[in-house]
Each structure stands twice: as C-alpha cells, then as structure tokens.
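Note on naming: letters A, B, ... go to the chains in the order of the sequence lines (proteins, then strands), and numbering restarts at 1 for each one.
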Amino acid sequence: MEYNFREIEAGRKKYWNEQQVYKVTNDTSKPKCYILDMFPYPSGAGLHVGHPLGYIASDIYARYKRLKGYNVLHPMGFDAFGLPAEQYAIETGQHPAVTTEKNIARYREQLDNIGFCYDWSREVRTSEPNYYKWTQWIFLQLFHSWYDRSQQKARPISELVAEFEKGGNINITCPADEAVEFDAVQWGNYSEKEQRDILMQYRIAYQGYAQVWWCEALGTVLANDEVVNGVSERGGHPVERKNMRQWFLRITEYADRLLTSLNTLDWSEAMKEMQRNWIGKSNGAEVRFRLSNLSPTLSKREGDVAQTNARDLSPALSKGEGGVAQARVEPGWNTADPLLYGSIKDFRKDLKNNLTEAENILWRQLKASQLGVKFRRQHIIGRFIADFVCLPKNLIIEVDGKIHEQQKEADASRTEYLAEKGFRVMRFTNEEVIADLDNVIRKIKTELTSPQSDNEVRNTSLSFGEGRGEVFIPVFTTRPDTIFGVDFMVLAPEHALVEDITTPEQKQAIDEYRQYVKSRSERERMSEVKQVTGCFTGAYAIHPLTDRQIPVWISEYVLAGYGTGAIMGVPSGDDRDHAFAKHFDIPITNIFGDKYTGEAAYSSKTGTIENSDFLTGMSIADATEAAIEELEDIGAGTRKVNYRLRDAGFSRQRYWGEPFPVMYVDDIPYGIDEPLINSDWHLGHLPVELPIVENYKPGPEGQGPLANIEDWVTTPIGQRETNTMPGYAGSSWYFLRYMDPHNSNEFASRPATDYWNQVDLYIGGTEHAVGHLLYSRMWTKALYDLGHIGFDEPFKKLLNQGMIQGSTRFVYRISDTNQFVSAGLKKHYDINPIRVDVNMVDGVELDIEAFKKWRPEYADAEFILEDGKYICGAEVEKMSKSKYNVVNPDDIVSQYGADTFRMYEMFLGPIDVSKPWDTKGIEGVHRFLKKMWRLYADEQKGWIVNDEKATDAELRILHKTIKKIGEDIERFSFNTAVSQFMICVNELSGCHKREILEPLAVIICPFAPHIAEELWHKLGNEGTVLNAAFPAYEQRFVTDNTKVYPVAVNGKTRIEMEFPIDAEQASVEKEVLANDTIQKWLEGKDPKKFIYVKGKMINVVV
RNA sequence: GCGGGCGUGGUGAAAUUGGUAGACACGCCAGACUUAGGAUCUGGUGCUGCGAGGCUUGGGGGUUCGAGUCCCUCCGCCCGCACCA
C-alpha cells in the first residue's frame, strides 16, 4: 500500500464536496475568525505557482483556527469587472461577461485542484447584478452624505440642508472652495439648480472636473498606464489633456483619520509607511506675501524703496483692478489701515514684547479657556491697536493701562471709528483682571454668545478688506522658522498670477521659459539629470516681517498641483533653493550661523536659528511655533496642514463596470433613489443593470460606450449617467458581502457584520498598498459614520506575501551559427544567450529532444555538451510568459500532488519574502510525505498502525512538534513548521503507534489536508478531520530534565557537558573546572569569572 | 534624493529574549540494494589545515564574559515615493 496521492486526493476532494465540510454558518456561539485573501481578478492567463502562495498560507491558518474551535469565515470570489476583459472584447468581439465567466471557471478549477477550504456557497462576483446593486447603493449613501469637519464624520446631506436653512454655511467651510459663502436668506433664495450645485461641493461622492488623457485617433479616454512616453500605448497615437466632468470620492476629508488610525492596525511598517507617504501630511504654515508694487500709497510712503523699484512696477499696477481680479483679495483679518500699517507695526511690536501683567494673565486665560473662537492680541484695526480682538465676533477687549496714555487718542473718536467698523468694545481694568479673572472670562463668554454678536458679524463682515485690490502670493511652508532666510520666491510656471505680475521687460523671457516648460514631456522630466532652470518675473514681494523686497521667479521645480503652487525660497536651509540661488546669483541670507558653510544648505531639522530678529537663538521647533504665532497675529499667515492625497477619480468612460445609479434632470444629477418633488415616486430602482451593447466603441466626445445606447440613456424622466465605476468600486466593500452574501434587502445584515466584524487576517501582495487598501478603509469609515456597520477599519491584520520569482533558463547560441554550447564551456565562444522554456529543463539539464521540437529553427540545432549533458544557465527574474519561466500549479499537482505542492510552497522560505521557484527542490517535500505515509502503511504489509504504548522519547518528539507547529502557525512561520514535521517524521522512523500517529495526522491537516483526511479515516474515525480538535501538548513532554551545555573558555565553545536542568552554579562550576579538557584550555590559570546561564550555556573567563 | 526592508554555505533557508551559526531541504560526493535508476536506504558535505587547531554571518570599528542578533560607519541589493515646499 504505497502513497498513491492521485487516488487519495481525488477521493478526499469528492468526500469534502459531498459532505459540504467547508460550509460556514453565522453561528454566533463560537468565537469567530475571519480570514480573507485579496480579491483576485480572473485574468485569461490563469494562475501560476506564485499566485497561490498567499492562498495556501491563509488556508493553513483557516484550517488551524477551525481545529482550534473557531467558526472560521474563509471565502473567495472574483473582482470581475475591469479593463482587460473589455480590451479583449474590443479585440475579439466576445462579450466581457462571457470571457469573464470562462476565466472564472478556469480559476475555480485551478483553486479546487490545490484543495482550499473555501466556502464556495458564499462566492461573490462584482459583475453580478445582485452584487453591484449594493455597490450602487453604497455609492448613493456617499452621494447623499457630506463630511462634517467639526465632528470628523460623514453625515446625511439632509442634515446639511437643515444647517443651511438655519444659518447658511457660515460655520461649515465648503471643502471644494473656501470662498463659497452664503447665509440662510441667500440659501433660501437660490434656485434648485444653485442649491444642488452647492450641495455637490459638499458631497462625499461628487462631480467635478478633471483632466483626462484624450486620444483623438482612438476616439477614447485612456488610463494613465495606457499612455506611455506621451503617446497611446496601443498604436502610439498622440494624446492630449482634456477637461471632463467626472465623479470623485472626497477621500481627502478622511486623510487625517486614515493616517491616525493606521496606528491601530497590525500591518507591516513598510505598508503603513507607504500609506503615510501617499497621504503625505505636512504641518506648516501658509504665509502670504504681498506684492510690493501694487499699492501706490505704500510706495509713496516708503519713498526710497519705490524709487529703486520703479522699473519693476508690474503691469498690474497700472492696469489696476482688472489685472488682479482673479488674484486673492486681502483676507478679512487684514484690518489695518494700509496707509499707516508700516508705522504702527513697529510700535505694535514694542507693545507686544512689553505686555503688562494684567494683559499677560488675560491673554493666557483667553487662549486656555477654549472659548471656541480665536483671539488676536495687539491687533491693528485702522489706526488703532486693540489689546485683544475676536474678529469673527467683532469684539474688542481692552485692558486699561499704558495704551491710552501712550496713544493719547480721544476715546470718542476711537469708539466712533470702531463702531463704524462694527466692533463692540469691552473694557476691563488691570485690577479686575488680576483680582477676578474668572468673572472677566465669564463676561467675555456671555458677550461672545449673545445673539447680537452673530447678527453683527453678518452685517459687517463684508466690509473688511473689500476692494483693497492688493495681490497676495500665498505659499505653503513646513519651515516657517526659516522665514527670515527668504531671499526669493518661486511660482510654478503654470501659476495663475504669473501673467499678472510679470513686468513688460521680463515678459518675453517669461513667455519663452513657460513655452520651454510646456515642451518638456513627462519622460524628459523623469530621465534628465537635475538641472536648475527658471526665470525672473520682474516682480517683487514684500517680506511680511522685514519689509524686504523679495524677487519673484518662476521655475519648473515648483509644482502647480502641490501646496499653493508657490514657495518661499530659503537658500541657506533648503538644497534646491540653494542650488537655485547659486545658479542665478541671488544673494543668500544665512540664518544658521556657523552651520551654514556657504557651500551647501543646512537642511537638518535640529539646531538654532540665527540672524532672525525675534527668532534668533531659538531651536528650530520653538522658532517654528513662534514664527507661526507671529504671522497669525499680524495676519500674514495661518497654521496649515497640507496633504499630498488627492480626491479619488471615480468615473471611467468604459463599458465593463458598474453603471452609476444617477439620472440627470435638466442637467442636474440626482440619485435614482431620490423622491421626485411632491411625490413618492423615485427616478428608478436598484440595480441599474448594465445593458448589453453591440460593440465596445467609445461614445461621442470621449464618453463611454453606454452613451451610444440612445434608448437606454434617455428615459421619460431624465438622462442616465453613461460613465461606469472604476475597478476599485466593487473591491472596496466585498469583505462585507461575504458575511451575508445572499441578502437581498441589505448589503449585509447588521447582526452578520457585527458578528464577523473586522477581517482578522488579510493576505495579499503589496501592489494594493495605496489603491484598494486605502479606498476600502475609506468606505469602511464612511459606512461606519453613517451607522451601517460597527467598525471603522476593515483589515485588522495584514500579511503581505512575497513574490515567487521565476528561474529563467538560458541556452547559449554561438553567434551566427545554429550551434549551442553548454553553460560551462560558453566562455570559450562568442555567444548569444536565449531564454528557453523552463519546463523543458530538468534542473539545469536541457531536454535536447524537446528543445529541437520547440521551434522549427531549432530542429537541426547542434550541441556542444559537457559530460554528455547540455547544462543551461539560470537567472532569477519575474515569472512571466515572455520569459518562458512560468510554472503552472496544475502540472506540479499532477506530478507530485496538491499536498506536496502546498507544503513545498510553504517550505520555500518566509511567507513575506520574495524567492525564486525551483521545481527540483520539491522532491525533498515529496519524499517527506512518502516517508510519513510509511509510518502508517507498508508497501507489502499494508496498514501497520498498532496500539502499542508509546515510549517517552516518542511522546517527547510528538509533543514538541505539536507545540512548535501551533506556535509557528500563530506567527506565520510556515517554513519552519514544515521543517519540524520533517524532523518529527525522521525521528519517528520505525514507530507505528496510534498513540503517536493519530495526533500527527491532525496537526498536519492544515498543511496537507488530503493525506490527513485519508489517514484520519483509515485510523477508523468518522467525519472530517477538520472537526477534530488540535491536540494540546503536555508540558512534561516538552521540557527536558537535563541539558547538554556548551562549555566555553573565554567565549569559545570547547566541549559539551550534561547537567540537570535545575543544577546549581556551585556544583556545575566544580564539575566543569574538574574537567580535563577545560583544564587543558585554562592552561593552569585561575578562572576570573564563571558564567552559568541556566538552560543556555556555560562560560569560563580566564 | 527621501522613506522602508534586507545582506548567513554552491542553492532555498534556520537560529523566537544577546548564549553551541548553518537546523530542515535542494545540489554534490561516497556507499548499499539492483538488469537498470530520475526508486529506496546509509554516510559525508561552510572554508582551511595531515593534524591539534585556525577562520567564518557584506567590509571596518565599538559595547559585552559572550554579537548573525545591540550601537557607529562604509559598501551592495530590493521595494515604495520622488524636483512634495
């Protein structure tokens, strides 16, 4: 009775199928464990041996957890929508549904071949209407929601409408455009379309405009990776950027939560780091630089400056308002009278540095009291300096003291002026503040919350900064501490301001430079060595703290899409700024003292700031805070957090994807679940099924193929959306559907999602690091916010499998001949290496006959052999068809069996490390299984398991193995577990005792389920081995009572000596020192120290 | 350039907390059984040396009784991001 794996595996698969042993119920009495593989896309190529690596690992873990008494959910399904199927359809005319079905069947067959314990009754496919019905439903939830920044969660859009009706959007910044402002009255007066347009700017799933790659020749929109080197991948046609209305998901609102909750996840540091990079949060400040030459009054006052810069006055100055219409207008907190600002400013600085005791106390209390509003101190309003002011509430707080005496202005004129500006003034005496601070704060609080306070704001808020006509260049910086080191500014060449600020003298140079930047393809920018280019605009900005004139440049190293598209150049502290200044001979201000050498920027984030006014002597961290505070106080900047993350494009101009449940009525998009006005009727119902199309050609104007189906697009109520959703739509929530896959009323019932909860173990490759894994986290958070599920992170533990690389085989053709030389002799010839199919090579020895038949041109090939063999060269590469190194798991399974295949994949090395596949090595594992089989059955004698009592040694090896296998599985160290099985079977050689072999069959079940099931039944058990319990090891068999110690002299191991495990140092020392060998190594010297670490080692120091 | 990971025999690798480096396999060598071996079994196999021994975890340095493991430094490879302010 030999190990006939073919018979065994076929029989056991049939048994599992018949008994439905993998069917999982939502049985809440057992602890649950949810183990998931990343959703495969069923490509036409089928699986190669690299794909199942993660599936085998999760299968082992799932079976182990089941043996440990868990209710294990371990499902599988298919991410079935996608571009390749559509591409194939365009090429062959076959419907994507047909080819997808075929590919899935093939995948399923290959997966079944390996013996996975998936509960196929829970299979989901994203392209099935009963699945994408719920993808559409979730889209509608996102469409009907907005992100409340104050509560940091998604809320129904109806609640936003209610807020608008109550108070406009005064307290709810519009995420799409901060400038959008309206009050309740205005909201009420807006038309339906205007209201819907505003709501669109708040929705989590929203419409906006985005640039897409449009290819005229193909008449279609291309994905980023379909554009290669600036032309279309297919056909090499030219492409251009085209602005199109697109759907987006407002993932940027979740940036901070996506970032912080990473800390709660058990993912690899590399994976978390990739997500952190992608989100790209940077803390800093937005600093506003005023353009120097746009204010005649200012120039007049600062006569000398105006003169030296007269030639630099930008056209915007003379053109006046027209030129700055699109520039940012001075924000509301710039309340100073521009005529007097310069002279008051210095005075203010003095005041600020010499606060009275009472002012100090009140300032600290105002900051600490969390009044919910921002106060500024020593703020300039018109001609006056207010002690404290809360601009949003138009409230001034004065503490009587030096100010009145010093300024000596008449109270009457002052109050009149402030009242005119809409301010209310509260006055406290020094004594009041010092003696009864609580009372003062209470009064301020009351004043702040009085209804009058709000009304006044609305009436007067618009009067500030209106029509001032000054141009500001906002920049984002992570290093506000270097503000005194600013020597120039750089705008992105595409920056909207460039045209307005460029002087006539510089116009030509700027135009030429901008033309140059436009001509630079992505490819050139990527491949060219870093070189400094740029152009001076002729304009100057004014340093907000020093009034210095700062030249404004443009350069391609500043990106339009990042931050504000402009930077402040600090050459002494930033490498690129330094190179820029050096290249264009811009004088460099040193703000780092000795640390800056003049040769290279000091970009380290530790050290002290020098030569920087009030920042001088502060650490970088302190200076950053102080600089931000100062900039905020004088209204030249705000603390700001910047993210690299962009909103996710959510529409594709394609056929094979989920249709949007959206309809346009009078060009306004509505969710089809929205009730029509004054009616219970809805626009439609879910799912919006994907219609059959005749062909897959794009629609007019770059629209998707659906646009061609006139009678589908046009309905009696409105026009359908013709875009489809992107590939990640269906995969962003599929893990929820497995919990309750046949539910036709909900995407999954709340009891089901509450029970199965988070995925306990998620296994997949790193390629989804920032796509799928980020989107599904966001969807989970949104569904959580809206109350549909009870957890806000989908994947608790993530395990990344490494790649299995191919091992390519080469033959060496002697140049210009049909002769091939064996690898060992190739150095004597002029040769060309040629890849050969790895399946024609046994190890490294070429099957010459197979090679001759491979290609007609090799039929007459001649070979120069070594030792009668043709030896191939080998190289590790990615496993791919084009490299002829693909190994199909089906072939391996048919030759060695699924159990051998599974164990070998695990034996190759750590699961998360990439390693090359070597078919030759599989024989070791196969031999092991045969050897194990022979413990149970003999070729001649048949079944040989007996009921003899096991020896102590046999029990020891068994229990040590039970312990190690359990521990290794828990820490996903599957390769060492396989080794332990080998050690165990080697040591049990000749043992045929049931007492040992029955537990062994159970613990190997996760790895080699077929043979385990077979042995389990042959041992006389009923039911599947999966219903057995993973045996517990007994402590007394895993702890030894003696230990063979390595005995070292001066750290070098010399001999081994055995001692009882609990031996005391004194007796050990005595015996060791008496030992002849040790004596020899001591060379008569006295030991200085005797180190005895119980259970570890012994070291004698001389 | 920045961030993360890694570097151990001919090969895949092991060493879980600082405690006998190379477990377990592949390959290779020798042998047994055999008509045969791409079956099975036994023994050997880091390098070096006749040997006692010496050397050895990418290189160099350090901490320690003791370092593959910790620290510094340099080199190389892989992954991610990349004129990211």
Side-chain angles (χ1 to χ4, degrees), chain A residues 2 268-278 280 282 284 475-479 482 490 492 525-526 528 530-533 555-559 561-570 573-577 579-580 603 642-644 766-767 769-770 800 802-803 807 842-845 874 876 904 907-910 912-925 927-928 930-931 934 939 964 967-968 971 973 975-984 986 989 1044-1056 1080 1087-1091 1093 1095-1102:
Chain A
E2 62 177 350
S268 75
E269 206 39 56
M271 212 63 172
K272 291 190 197 178
E273 201 57 33
M274 268 188 246
Q275 293 222 331
R276 285 190 199 111
N277 283 341
W278 194 257
S282 43
V475 305
F476 176 74
T477 176
T478 56
R479 296 289 304 275
T482 64
V490 188
R525 286 198 185 193
M526 301 276 270
E528 259 174 50
K530 205 171 192 168
Q531 54 174 14
V532 180
T533 68
S555 174
E556 59 181 332
Y557 85 88
V558 175
L559 305 177
Y562 191 77
T564 61
I567 62 154
M568 55 182 216
V570 182
D574 181 277
D575 291 327
R576 279 167 311 139
D577 295 348
F580 193 83
S603 53
N642 202 35
Y643 295 95
R644 203 186 76 104
T766 54
E767 67 271 20
V770 291
N800 294 115
M803 269 202 304
S807 183
D842 177 27
V844 288
E845 190 189 343
V876 173
Y904 182 55
F907 185 65
L908 277 176
D912 52 349
V913 173
S914 291
K915 56 249 157 185
W917 175 265
D918 172 23
T919 301
K920 204 77 185 156
I922 201 169
E923 282 168 18
V925 174
R927 270 198 278 271
F928 153 74
K930 283 197 271 189
K931 214 184 223 178
R934 284 199 300 271
E939 246 173 85
K964 177 137 178 76
E967 287 169 354
D968 281 354
R971 65 190 178 103
S973 178
N975 55 330
T976 53
V978 176
S979 295
Q980 181 61 34
F981 279 122
M982 290 174 169
I983 294 167
C984 175
N986 285 344
S989 173
V1044 179
Y1045 284 90
V1047 183
V1049 178
N1050 280 344
K1052 285 205 186 302
T1053 307
R1054 296 303 176 185
I1055 52 161
E1056 287 176 351
K1080 190 188 106 193
K1088 218 190 299 178
K1089 205 166 167 190
F1090 189 90
I1091 294 152
V1093 183
K1096 295 284 187 190
M1097 44 63 68
I1098 295 162
N1099 190 11
V1100 187
V1101 185
V1102 187

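- For B:rG76, the glycosidic angle deviates from 0 by more than 90°, giving an anti base.
- At a threshold of 4.0 angstrom between heavy atoms, the contacts of A:Asn975 are confined to the sugar-phosphate backbone, with no base atom among them.
- Of the candidates B:rA13, B:rC26, B:rA85, B:rA85 carries the atom nearest the A:Val558 side chain, counting heavy atoms from C-beta on.
- Using a 4.0 Å heavy-atom cutoff across all strands shown, A:Lys930 reaches sugar-phosphate atoms only and no base atom.
- The residue among A:Ser989 and A:Thr533 whose nearest nucleotide of RNA chain B is located toward the 5' end is A:Ser989.
- In this structure, A:Asn986 reaches the sugar-phosphate backbone alone: every heavy-atom distance under 4.0 Å involves primed, P, OP1 or OP2 atoms, never a base.
- In this structure, A:Ile983 reaches the sugar-phosphate backbone alone: every heavy-atom distance under 4.0 Å involves primed, P, OP1 or OP2 atoms, never a base.
- Taking 4.0 angstrom as the limit, A:Arg576 places none of its side-chain polar atoms (N or O) nearer than this to OP1 or OP2 of B:rA85.
- Proximity of A:Arg644 to the phosphate of B:rA82: a side-chain N or O atom is located under 4.0 Å from OP1 or OP2.
- Contact annotation for A:Arg971: base contact, defined as any heavy-atom pair under 4.0 Å involving a base atom.
- Side-chain atoms of A:Lys964 come within donor-acceptor range of the base of B:rU16, with a qualifying N/O pair under 3.5 Å.
- No engagement by A:Val570 is indicated, since no non-hydrogen atom pair under 4.0 Å with the nucleic acid exists.
- Taking only distance into account, the side chain of A:Asn1099 meets the base of B:rC65 through a donor-acceptor pair shorter than 3.5 Å.
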